[in-house]
Amino acid sequence: RDFSIKKYRKLDGGGDLFAALAHQKKVSQREVGIRKLRDLIDWERFRPVLEEVTGYATKDWRKGGRPPFDPIFMFKILVLQKFHGLSDEGTEKEIGDRFSFLAFLDLRAGDEIPDATTIWDFKELFEAFYATLTGEGIIAREGSIVDASFIDAPRQHNSREQNQKIKDGERPEEFATTTQEDAKSKLIDKAKTTPAQVHDSQVFKDLVDRSDNAVLGDSAYYSEEDGEHRLECDAEEFLMRKAYRNNPLSKADQRFNKGVSRIRVRVEQVFGRRKQMGMDMVRSIGLKRASQHNSLCNLGYNMDRYAFLKR
């Protein structure tokens, strides 16, 4: 008997249509995250805001010209982009290549794929989805965590003046996003994007208001000015205590800080998930676009977290 003849499995499926459909279904089902988003999110909730932002609400539709893509369809493309940390070109390529992306967008192979290059102001979209979270009682508002994280920005060629500023100790263009998260659900409640050199405490008043029952944060937010604002908002304070030179923390303060840290660590899990989704890098230049990027990323994170909480 000749054992030298090798027989390998044939990979040719014969081009069978049913086999192709079965393969498409199998691949789509693997992408649990975005499949859940497609089924759980009430996308029509965003239509009034999208049509207002794009101008479609007041557009004269009797005029000729090529009809635009549905703004909800374009919005879902941008959610996909932030959910997977893709560039505009990468998004277009992946939509054409991946069955899961096509399924999320209700497309079939061969359908027209738009360029996802339009940037809108997503603050109102974030607030529209936030209404869903509060309406379902997912955000409890029992306690809010405030913290900041740096965002990498593209490096550009500096002028001599800019190089001199860097030598003098000024940082090149970088941004920080300061967010307020619901301590129980780990959903982002509010956020503000600033240049990296702006101290965390300077945006405290923009994030804490009378709707907050309690505020948790690190020692950067423990100041007399922020304390007055907390009293005005009637929010209970759980901010970590500072140690000073020749004035170390007492045993009671150390125990207090340890207790706050056990809860405050949840905000690091939020930043970790955002980084995992590629949301810690802005691909454009300028504060306005960085703010738009963060608004959409926060919305994408909340959608991802919502799908997890609704399991």
Heavy-atom side-chain proximity of [X] to [Y] below 4.5 angstrom:
| X | Y | result |
| --- | --- | --- |
| S185 | R305 | no |
| H84 | R98 | yes |
| K93 | F101 | no |
| L105 | L80 | yes |
| L309 | L187 | yes |
| Q180 | D209 | no |
| F75 | V49 | no |

Does [X] share a hydrophobic cluster with [Y], counting links as ILVMFWY side-chain heavy atoms below 4.5 Å and allowing steps through other members?
| X | Y | result |
| --- | --- | --- |
| L296 | I41 | yes |
| I72 | I95 | yes |
| L249 | M240 | no |

Tell me the closest heavy-atom pair linking [X] and [Y], and the distance in Å.
| X | Y | value |
| --- | --- | --- |
| P71 | E51 | CG-CG, 4.1 Å |
| S291 | T193 | OG-CB, 3.6 Å |
| W43 | R38 | NE1-O, 3.5 Å |
| T179 | A191 | CG2-CB, 3.8 Å |
| W61 | Y56 | NE1-O, 3.3 Å |
| P48 | E44 | CD-O, 3.7 Å |

(message) Between the side chains of R47 and D70, is the shortest nitrogen-to-carboxylate-oxygen separation below 4.0 Å, so that they form an ion pair?
(response) yes
(request) Give a yes or no on whether a salt bridge exists between R62 and D60, defined as a side-chain N under 4.0 angstrom from a carboxylate O. (result)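 Salt bridge flag = yes for D60 with R62.
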Hey, is the main chain of [Y] close enough, under 3.5 Å, to the side chain of [X] for a donor-acceptor pair?
| X | Y | answer |
| --- | --- | --- |
| D189 | D182 | no |
| R266 | A183 | yes |
| H229 | F204 | no |
| N298 | N294 | yes |
| K76 | F104 | yes |

Pairwise distance [atom1]([X]) to [atom2]([Y]) - rounded to 0.5 angstrom:
| X | Y | atom1 | atom2 | value |
| --- | --- | --- | --- | --- |
| E92 | I77 | CD | CD1 | 9.0 Å |
| E181 | N302 | CD | CG | 9.0 Å |
| M303 | L40 | CE | CG | 11.0 Å |
| I188 | K190 | CD1 | NZ | 12.5 Å |
| E228 | C233 | CD | SG | 12.0 Å |
| C297 | L78 | SG | CG | 10.5 Å |

Within a 6.0 Å radius of atom [atom1] on [X], are there more than 12 heavy atoms belonging to other residues, nucleotides or ligands?
| X | atom1 | answer |
| --- | --- | --- |
| Q254 | CD | yes |
| D234 | CG | no |
| K275 | NZ | no |
| K186 | NZ | yes |

(request) Indicate whether the side chain of R273 and that of Q276 have a donor and an acceptor atom separated by less than 3.5 Å. (result)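 Yes, Q276 and R273 have a side-chain donor paired with an acceptor closer than 3.5 Å.
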(request) Report the residues that fulfil side-chain hydrogen bond (donor to acceptor under 3.5 Å, both in side chains) with D106, sequence neighbours left out, ordered by chain and then residue number. (result)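 By the side-chain hydrogen bond (donor to acceptor under 3.5 Å, both in side chains) rule, D106 matches no residue at all.
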Side chains of residues 256-264: which donor-acceptor pairs under 3.5 Å do they make with residues two or more places apart or in other chains?
from	atom 1	to	atom 2	distance (Å)
N257	OD1	R241	N	2.7
N257	ND2	R241	O	3.2
S261	OG	N257	O	2.8
R264	NH1	D147	OD2	2.8

(request) Would you please test T194 and Q202 for side-chain contact (heavy atoms from CB on, under 4.5 Å) and show each step? (result) CA-CA 10 Å; T194 61; Q202 291 182 244; over 6 Å; no
